[in-house]
S.K.: 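Take this structure, written in structure tokens, and hold onto it; I'll ask about it next.
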Amino acid sequence: MTPLTDILPGSALPRWERLAATAALALLSALVTALCIWSAWFGDITALVLRSTFFSLMVAAGLVVVATERPGWLRVVIYALAAAVLIPGPYLWLNYLAIVRSGGIASQLDMVLFSLCSVAVLVLARYLIGWVMVGLGVVALAYAFFGDMIPGTYGHAGYSLSRVTSNLFLRTEGLFGLPMGVAVQYILLFSLLGTLLLKTGLGQVFVDLAHAATGRVQGGPALTAVVSSTMFSSINGSAVAGVVTTGTFTIPLMKRTGYRPKVAGAIEAAASSAGQIMPPVMGAAAFLMAEVTQTPYATIAAAALIPALLYVFALLVGVREEAGKFDLGRADPAEIPALREVLMKRGHLLIPLVGLIVFLAVGYTPSAAAVLCIATTLVVSLFGKATRIGPVGLLTVMMETVKNVLPIVAAVAIAGMLIGVLTLTGMALKLSSLILTAGAGSLFLTLLLTMVASFVLGLGMPTSAAYLLLAILIAPALEQFGLPVIAAHMFIFYYGLLSAITPPVALAAYAGASIAGAEPNETAMESIRLGFVKVVAPFLFVYAPELLLIGTPTGIALATVAAFAGTFAAGTALTGWLIKPLTAAHRAGFVAVAALSTVALVWPVGDALSLAAELAGLALLGGLILVLRRPA
């Protein structure tokens, strides 16, 4: 268990200051956790009060963490800012009724507190995320105050500090809007659950189960990486965290069986990126999407399933064919745990995950289900001495959770400001119009522009924050084409996450490269090859919403078969091996199968041309496999 004083950065701090900062972070973490659990279970706290109190506690905690890494005088300033930002939450709690009676008209004190909150969150974003989010926040505020200086369509009359404060601070449309509501209702709770599960040793259980199931197959260590990293990152929602946690075991194992370092790092990076798109949690994005689109959570999770399985299927095909192509070895049998032994000794640690699915299925809200799973995990942890979590361990889990969630809170606060300004000025509708105009009425061109914009805006962003930002700025334009709401939001979501394995950011790929001892950009390019489904799938499910379970059972079945056949063919063509090395003619045949499957999906599914293309592709795929199986 990590000592409490080691959770904070800044190793050069005096002992007394480290103890004081650790105590402050521990207290704030315990308070914010209690607030979220109380709200999730009892639900009797008004939205503005709940979100503003959560904001104050989290931003203060974040500034304490940030301050410990800063030099002398700057550290003192940030500590002071942390203390000051604790005021707005309790102030709005105590004065809520007076604010309602006044119609939300801002006073001088309100304007001071709004300015304080804005400065605090921009400072926090600067140190935890970078200048991109800070720039967006500053531009949003500048546009609200000085939009009257912009001529033409994109200008407005300009707004005073009082009006901006009223909209962004005293209502649930700005700092304390929907993004902050999602953070307090879902993100912190599910992050707490994930951290708690991993403290019990569930991450190693995932690795051992996957290794027991796949280790004896050629390329088994890579298959282990794909399965275990997908399961691990589906809980914590972070591709980088998945790489640095499971990758420390799987990458050396892959290298020992013959995988090239850049491929080993790429496999782990691509696999850890799968959890962000894999139900049921999807890095909390499933709950975000449900709130933003006003769609039931179960519908979102079901819609995400087939594309996520396609991605994992492509990884499994790619790593298995890579092993065959280079005639790689198998894992040492002595290193492979027995499946029965893993389940008998530590299988009980899976109970909370099963419980989560059951709680959601029987009708509990996601936040209430998370609370029940947290309680279940604490009970299950008592079954073994090694997994037991005492009071200090629980406090450590709370502190680590808060520390991990801080970048998301900073991002959603700025996203809320952005939403508030766009709503106040009417710019949201103008942005949609701009995208549609640039797309010249063409859905395909608009999708291309949206893809580029989503990728750029998602660079280096946490999963939840990237989706929220894109849902505000980009999704409305796609919805105006008549696309299903889920298809539009899934499209931007996929491309917003692509930067985890794509240069110039490629944080997951670079983390994998550092563990593997490989060149970072080469590792990133291998990650893209293996994870190509994340690049092409969004276009496919826009044109074939059946892949999102939107349509008739027959149409869904036809689309699913075509998608898996095309994915297999495309992955095989990229690898250049199936049963034996492929000739140029073989590769051309698999490319043709992928193209025919694409036609079957892009053309209306079930139409005569779509059916003909799918049948031709399946027939060609079967013929190619028969030819390759024939002895030389």
S.K.: Taking the six-membered ring of Y127, is the NZ or CZ of R70 close enough (under 6.0 Å from the centre) and on axis enough (within 45°)?
M.R.: yes
S.K.: Quick one: does S52's side chain have a donor or acceptor within less than 3.5 Å of a partner on V49's backbone?
M.R.: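 Side chain of S52 to backbone of V49, a donor-acceptor pair under 3.5 Å: yes, one is there.
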S.K.: Do L422 and Y143 touch side chain to side chain, with heavy atoms closer than 4.5 Å?
M.R.: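 No, side chains not in contact.
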S.K.: Looking at A308, is its backbone amide N or carbonyl O close enough to the side chain of K534 to form a donor-acceptor pair, meaning the two atoms are under 3.5 Å apart?
M.R.: no
S.K.: M398 and L394: side chain to side chain contact (heavy atoms under 4.5 Å, CB included), yes or no, with the steps?
M.R.: CA-CA 6 Å; M398 293 179 190; L394 184 57; 3.8 Å; yes
S.K.: Are T172 and R51 side-chain neighbours, meaning at least one heavy-atom pair lies under 4.5 Å?
M.R.: yes
S.K.: Side chain to side chain donor-acceptor pair (under 3.5 Å) for E400 and T195? Distances and angles first, verdict last.
M.R.: CA-CA 8 Å; E400 290 183 353; T195 306; 5.8 Å; no
S.K.: How long is the straight-line distance from CG of L175 back to CG of N167, given to the nearest 0.5 Å?
M.R.: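 Atom-to-atom, N167:CG and L175:CG are 11.5 Å apart.
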S.K.: Report yes if the side chains of R346 and L349 come closer than 4.5 Å at any heavy-atom pair, otherwise no.
M.R.: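 Side chain of R346 against side chain of L349, heavy atoms only: contact under 4.5 Å found.
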S.K.: If you take all heavy atoms of T250 and E268, which pair is closest and at what distance?
M.R.: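 So the minimum-distance heavy-atom pair works out to OG1-OE1, 2.5 Å.
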S.K.: Tell me if a side-chain donor or acceptor on T200 pairs with a main-chain N or O of L197 at a distance below 3.5 Å.
M.R.: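 Checking the backbone N and O of L197 against the side chain of T200, a donor-acceptor pair under 3.5 Å is found.
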S.K.: Quick check: do F359 and T365 have side-chain heavy atoms less than 4.5 Å from each other?
M.R.: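 F359 does not reach T365 side chain to side chain.
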S.K.: Using every non-hydrogen atom in the two residues, find where A183 and V412 come nearest and quote the distance to one decimal.
M.R.: CB-CG2, 4.1 Å
S.K.: For the CG atom of L395 and the CD1 atom of I389, what is their distance to the nearest 0.5 Å?
M.R.: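 Rounded to the nearest 0.5 Å, the CG-CD1 separation comes to 12.5 Å.
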S.K.: Run V371 and Y364 through side chain to side chain contact (heavy atoms under 4.5 Å, CB included) and show every step you take.
M.R.: CA-CA 10 Å; V371 172; Y364 282 97; over 6 Å; no
S.K.: How far does CG of L192 sit from OG1 of T401, to the nearest 0.5 angstrom?
M.R.: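 Here the rounded value is 4.5 Å.
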S.K.: Which pair of non-hydrogen atoms, one from M180 and one from V409, has the smallest distance, and what is that distance?
M.R.: CE-O, 4.1 Å
S.K.: I need the S162 OG to I105 CD1 distance, nearest 0.5 Å.
M.R.: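 Rounded to the nearest 0.5 Å, the OG-CD1 separation comes out at 8.0 Å.
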S.K.: Going through the distances and angles, do S229 and T246 end up as a side chain to side chain donor-acceptor pair (under 3.5 Å)?
M.R.: CA-CA 6 Å; S229 297; T246 59; 2.9 Å; yes
S.K.: Is it the case that the side chains of Q185 and S39 hold a donor-acceptor pair, with the cut-off being a distance below 3.5 Å and no angle test?
M.R.: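 Distance-only check fails for S39 and Q185.
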S.K.: From T295 OG1 over to I486 CD1, what is the distance, rounded to the nearest 0.5 angstrom?
M.R.: 5.0 Å
S.K.: Do L48 and W93 have side chains that get closer than 4.5 Å, going by heavy atoms?
M.R.: no
S.K.: Determine yes or no for a side-chain-to-main-chain donor-acceptor pair under 3.5 angstrom, with Y159 supplying the side chain and L424 the backbone.
M.R.: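 Yes, Y159 side chain to L424 backbone: donor-acceptor pair under 3.5 Å.
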S.K.: Does the side chain of M490 come within less than 4.5 Å of M289's, by heavy atoms?
M.R.: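 They are in side-chain contact.
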S.K.: Suppose we call two aromatic rings close when their centres sit under 6.0 Å apart. Are F54 and F176 close by that rule?
M.R.: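 Distance test on ring centres: not under 6.0 Å, no.
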S.K.: Relative to each other, are the rings of F42 and W38 parallel, tilted or perpendicular (30° and 60° limits)?
M.R.: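 Plane angle between 30° and 60°, so tilted.
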S.K.: Would you mind checking if E69 and R75 are paired as a salt bridge, meaning a charged N to carboxylate O distance below 4.0 Å?
M.R.: no
S.K.: For residues M417 and S118, report the shortest heavy-atom separation together with the two atoms involved.
M.R.: CE-OG, 4.4 Å
S.K.: Please round to the nearest 0.5 Å and tell me the distance separating atom SG of C36 and atom CG of L31.
M.R.: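 C36 SG to L31 CG: 11.0 Å, rounded to 0.5 Å.
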S.K.: Give the C-alpha distance, both sets of side-chain angles, the deciding distance and a yes or no for side chain to side chain contact (heavy atoms under 4.5 Å, CB included) between T53 and V32.
M.R.: CA-CA 8 Å; T53 305; V32 79; over 6 Å; no
S.K.: Please test D110 against Y91 for side chain to side chain contact (heavy atoms under 4.5 Å, CB included), starting from the C-alpha separation and ending with a verdict.
M.R.: CA-CA 9 Å; D110 295 331; Y91 167 79; 2.6 Å; yes
S.K.: Quick check against the 3.5 Å criterion: does S272 have a side-chain atom that pairs as donor or acceptor with the backbone of V243?
M.R.: yes
S.K.: Identify the two heavy atoms, one from V292 and one from A471, that lie closest to each other, and give their separation to 0.1 Å.
M.R.: CG1-CB, 4.1 Å
S.K.: Under the 3.5 angstrom rule, does the side chain of S56 hit a backbone N or O of G89 as a donor-acceptor pair?
M.R.: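 Side chain of S56 to backbone of G89: a pair is present.
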S.K.: Restricting to non-hydrogen atoms, name the atom on V134 and the atom on I414 that form the minimum distance, rounded to 0.1 Å.
M.R.: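 Closest approach of V134 to I414: N-CD1, 4.4 Å.
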S.K.: Indicate yes or no: at least one non-hydrogen side-chain atom of Y494 is less than 4.5 angstrom from one of I277.
M.R.: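 When only atoms from C-beta onward are counted, I277 and Y494 do touch, with a gap below 4.5 Å.
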S.K.: A side-chain contact here means heavy atoms from C-beta on lying under 4.5 Å apart; do L350 and F206 qualify?
M.R.: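 Yes, their side chains come closer than 4.5 Å.
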S.K.: Check whether any side-chain N or O of S166 sits under 3.5 Å from a backbone N or O of G104 as a donor-acceptor pair, and report yes or no.
M.R.: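 Looks like yes, one N/O pair under 3.5 Å.
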